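Here is the structure we will look at, set down as structure tokens.
Fair warning: this is a prediction, and the values are worked out from it, not measured in the lab. Protein chains get the first letters and strands the later ones, always in sequence-line order, with residue 1 at the start of each. Only heavy atoms go into these numbers, but all of them, side chains included; no hydrogens, no water, no symmetry mates.
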Amino acid sequence: MDYKSTMNLPQTEFPMRASLATREPEWLKYWEEIDVYGKTLEATKDAPPFILHDGPPYANGHIHMGTAFNKVFKDLIVKYKTMRGFYSPYVPGWDCHGQPIEHQVEKNLGPERMAEISRVDLRALCRDYAMRFVGVQSAEFQRLGVRGDFERPYLTLRPEYEAGNVRIFAELYRRGMIYKGSKPIHWCTRCKTALAEAEIEYGDETSDSIYVGFELIDPPDVFAAAGLPVSILIWTTTPWTLPANVAVTLAEDASYVGVVAGGKVLVFAEELVSQVAEVAGWERIEYVCGDDGEPARMRGSELAGLRYHQPIHADLEGVVITGPHVELSTGTGAVHTAPGHGEEDWLVGREFGLPSLMPVDDNGVFDGGGGRFAGMHVYKANPAIIDYLREEGSLLHAGTTSHSYPHCWRCKQKVIFRATEQWFVSMDHVDEGRPLREGALEAIGTVEWIPGWSVNRIRSMVADRPDWCISRQRAWGVPIPVFTCAACGETVANDETFEAVIRLFETEGADAWFIKDPSEYLPAGVTCPRCGGTTLTPEDDIVDVWWESGVSHTSVLDNYEELHRPAELYLEGSDQHRGWFQSALLTSVGAYNAAPYERVLTHGFIVDGDGRKMSKSLGNVISPLDVIEKSGADIIRLWAAAADYSQDVSISDEILDRTSEAYRRMRNTFRFLLSNLYDYEPSMAVEWEQMPEIDRYAMVKLADLVERVTRAYDEWKFHQVYRAVFDYCVVDLSSFYFDVLKDRLYSDAAGSLSRRSAQTVLSHILGALVRLVAPVLTFTSEEVWHFMPEKMREDLPSVQLAGWPVVEIPSAEEAARLRDSYRVVLEVRDVVTKALEDARNAKVVNKSQEAAIALTAPTDALDELTERGLEALAEMFIVSAVQIAEGDQISVAVEPASGEKCPRCWNYREIGVDPARPELCGRCAGVLADG
RNA sequence: GGGCCCGUAGCUCAGUUGGUUAGAGCGCACGGCUGAUAACCGUGAGGUCAGUGGUUCGAAUCCACUCGGGCCCA
């Protein structure tokens, strides 16, 4: 007879194969239909808020693994917080202005059409371009399962957003933190624009390397003793900056000597004599010596104040000074200083009150200040200047050197340092209140930084950063909202003008700035405070995009009704310490004296399996879109959750394979749970008191899991969530509890207390597990939810609306006792499985039910075992019989089970106890008799 | 060149204040089952804890340096 039909074998429609790539889009459609986002907000509308404020990705191109990782991470936090009972709206945003988009549009247009297009038309094209990629990325983020208000995202190009820039600018301006100044900054002569540090790429470049003597006007006696002219020898890799030279900087404490060469005395650092000699090809070194016959030496500080003839402009003089940035590893220890062409030069120049010459125009061409080189591009001028120096006799040596050099991130051309008029946010000056740096450093202390070391990074960056250059000479952005008096050039900006500009931007957008005349929107009577002029010109420069995204605390958090400032959390990659975290902090502290966030979580970068960054040239790029198509978004989500984000996160085909395997394991766990609950509903639940011990133990393990997972989520340690859940599925469930349970579930009477007890536990496991995993496996958990017994779903159309699981154990004492006791039992079980394996290898038995075992154990363990009875032990070890005796240590002997195989339950038992069912074991006979 | 961070089995992670033969799961190999079956169970082999040198009775854990990698800056 076929007894299969008499058993309660698992049944479920829940597919073993996930087919995520095809099934996930169906769930997306479902969520949209039921408006799951709106439902979660409605359900939590009176709950305490938790705002995760989205940092805006740049609206250019498709998403990559880094953006996918970041968004998945945010989504799982928002979903977790929602399930924990927080009101957690999520408004995604995009960074829409800026150079890269403008550059792309420019490339698409081509130089000819670019030359003809108006600024307003160019901006319109940029807008179209940005909006196109907002659409692309929005769809891609949603495909990852990210839940949020994608109908109403924030975009930095929207009028109300643009107005926020002005609000913050006005506040900082009012406090005297914003100034217009001249400063050398990276300048791209091709794009004709200032570049922020973030817009610079460094790459190797071959440059000139020249040694030049500047003839001293008043040489010190010790070096003049030889009766020869005395020059101070400098080294530079940028000959074109020599026309702007105003000083030579020495190291204060270094020793300088004079060396006779080519009929003159060259003064430079003693430490570098042999290096220079080698470069210059000197066969021997002739020092200028003192009376003692030793080389004459002077400290840098003793040389300071000397004057020399400017190498290009014979009619000008330069001065010798000392500074902290002089290195003695290369060069001559005497640094050619042109404050208009270098940051350190500028700093030291400011200290000594030096002029900042700037003879180079926007295109990189010398103006009249370039003397004989006027009209030449700086790079063309290099050889000409070298020739000139050679003719003048001041050139000691000209060669080349390869070094890291800055390039424009857009056009990849070499960038120069050039002093220009720019707008700055001062870190240290303020008219009212505290300086920005001081305030920002204090605000940093009020924020929780995760991981902890990240505070060091932001703190040192804020402590060391220079003033923030916020102006850009481009079209695609928000204008610096000030005016210039046409008559006298004075800046005109006050509460009245700011308010008018805010209103203008709110109603018409920043485009209006470039279309309208100020008289159309400024109130009558706004005049130049200096000369009373009434013709005002709007500022041409636009604001740095970091400023724009930074002010989202105002343009978004303050503007969206469901959000608030400060946000509970900002979450981005570690590069944002220099970027958004900082621009948000500075603008917020400047305007409100407070940080815009309560905590900041940073994650590492996505790298390949060898820890290398992903790049096209290395060929190691993995696109999230490919993974979605091949394996599904839940695999990306699981990978993201499994990684320790505090370091860089690796991804590779192997890692994704492992992730998919782990996914399948968890999926099968759900499948087992669902398939054994096909005839169960919560009204059948068995009370704790009536549960067999092992079921109570399983409940304790589940409660422990929930506790552990919840703690891991709360501590932002998502990889521990994954670890705990996965190990639980594999170790606690699959290899132990489920394995043991099968006999009871399949063979006991369907409605028996023993089977219902098992199902009660399984239902608790299922209900808890599906919730624990829901923030991560957003698609799979929803699928599971819909296969769960109807009554378990609490009439909720989505697992996203379900609360966080609670597993209550009636007695903490009993829970503790069970944990201890099962530690012993499971130890013994390990010994048993080993013995069974030996028996299998010796062909004594095959499956464990064919075995009967004889155990010995020392007293303690023995008590623990005997207490629960031999039958329970046999059940736990999945053998047909257990004998037990006291012994020195735990040992197991295996022999074939006596009795016969019951054709129904496949256990080896005494057969025919019930005469009516002579071929069956007693249990099975009983089941059939009752049925 | 500077700042911050990282480097434990093929993979993902544990390794408490430095203390016995460095752990887990996965993968792999071998075996079992065929009533979770493109599943499931068991056993086993895998690591000079990046390297070198220190501190210490004792270091994966502390210090220095080197190598490799990441982000940011020059």
Side-chain angles (χ1 to χ4, degrees), chain A residues 3-5 7-12 14 16-17 197-198 200 202 325 327 329-330 342-344 403-406 451 453-461 463-466 573-579 582 602-613 638-639 641-644 646-650 652-659 661-662 664-665 667-676 717 719-720 722-724 726-731 733-736 738-739 741-743 745-747 830 832-841 843 845-850 878 904-906:
Chain A
Y3 290 102
K4 202 162 169 171
S5 59
M7 298 180 68
N8 323 298
L9 295 177
Q11 298 173 23
T12 182
F14 183 80
M16 176 178 279
R17 297 257 303 174
E197 294 295 349
I200 299 292
Y202 290 86
H325 62 287
E327 281 188 29
S329 54
T330 49
E343 170 130 28
E344 284 166 332
H403 59 161
S404 174
Y405 196 87
W453 51 256
S454 112
V455 69
N456 299 335
R457 194 154 180 198
I458 187 88
R459 188 176 280 140
S460 71
M461 281 180 173
D464 297 338
R465 72 159 296 151
S574 60
D575 56 334
Q576 299 303 329
H577 285 107
R578 172 58 64 178
Q582 201 175 135
T602 55
H603 58 251
F605 267 60
I606 309 305
V607 294
D608 72 8
D610 297 323
R612 268 167 230 281
K613 72 168 105 181
L638 189 59
W639 159 75
D644 178 0
S646 69
Q647 309 171 30
D648 286 340
V649 175
S650 284
S652 65
D653 289 339
E654 180 179 9
I655 290 168
L656 285 170
D657 283 349
R658 293 294 96 83
T659 308
E661 280 156 8
R664 260 181 257 136
R665 190 66 183 239
R667 188 178 176 88
N668 272 315
T669 302
F670 278 118
R671 189 161 186 270
F672 184 88
L673 288 163
L674 291 170
S675 65
N676 282 292
K717 294 176 180 168
H719 67 288
Q720 292 182 1
Y722 163 80
R723 186 96 251 146
F726 186 68
D727 284 355
Y728 176 76
C729 288
V730 172
V731 178
L733 295 184
S734 195
S735 78
F736 179 59
F738 286 178
D739 214 20
L741 230 45
K742 284 177 203 164
D743 179 69
L745 286 167
Y746 302 167
S747 306
D830 276 345
V832 172
T833 54
K834 274 189 186 66
L836 286 169
E837 181 67 15
D838 291 341
R840 249 192 298 273
N841 292 333
K843 310 287 182 205
V845 293
N846 285 314
K847 52 194 280 191
S848 60
Q849 287 100 314
E850 294 170 16
I878 320 183
R904 182 169 178 277
C905 71
W906 296 352

#### Entry: Separation of the C1' atoms in B:U20 and B:G1, to the nearest angstrom
46 Å
### Query
Say you pick atom C1' in B:U16 and the same atom in B:A60; how far apart are they, in whole Å?
14 Å
Partners of [X] by salt bridge (Lys or Arg N to Asp or Glu O under 4.0 Å), sequence neighbours excluded?
X: A:E837; answer: A:R840
X: A:D727; answer: A:R723
X: A:D648; answer: none

### Task
Could you tell me whether A:R665 and A:E661 make a salt bridge, using a distance below 4.0 angstrom between a side-chain N and a carboxylate O?
no
[X] near the nucleic acid: base, sugar-phosphate alone, or nothing, with a heavy-atom cut-off under 4.0 Å?
X: A:H577; result: nothing
X: A:A662; result: nothing
X: A:V731; result: sugar-phosphate
X: A:R612; result: sugar-phosphate

### Query
Start at the 5' end of RNA chain B and walk down; is the nucleotide closest to A:S646 or to A:D830 reached first?
A:S646
#### Entry: Closest to side chain of A:S574, choosing from B:C71, B:G25, B:U43
B:C71
### Query
A:T833 has a side chain; which of B:C6, B:G42, B:C5 sits nearest to it?
B:G42
### Euclidean distance, atom CD of residue A:E837 to atom C1' of B:U43 [Å, nearest integer]
4 Å
### Message
Please evaluate residues A:F736 and A:V731 with respect to the criterion side-chain contact (heavy atoms from CB on, under 4.5 Å), reporting the C-alpha separation (whole Å), side-chain torsions for both, the decisive distance (0.1 Å), and the verdict.
### Response
CA-CA 7 Å; A:F736 179 59; A:V731 178; over 6 Å; no
### Task
State which residues pass ring-ring contact (aromatic ring centres under 6.0 Å, His included) with A:F726; sequence neighbours excluded, sorted by chain then number.
A:Y722
### Message
Among residues at least two apart in sequence or on other chains, which ones pass ring-ring contact (aromatic ring centres under 6.0 Å, His included) with A:F672?
### Response
A:F738
### Summary
Quick tally for nucleotides 33-41 of chain B: nucleotides whose base has a protein heavy atom under 4.0 Å get B, sugar-phosphate-only ones S, the rest -, giving SSBBSBSSS
#### Entry: Watson-Crick or G-U wobble mate for B:G7, both contacts under 3.5 Å
B:C67
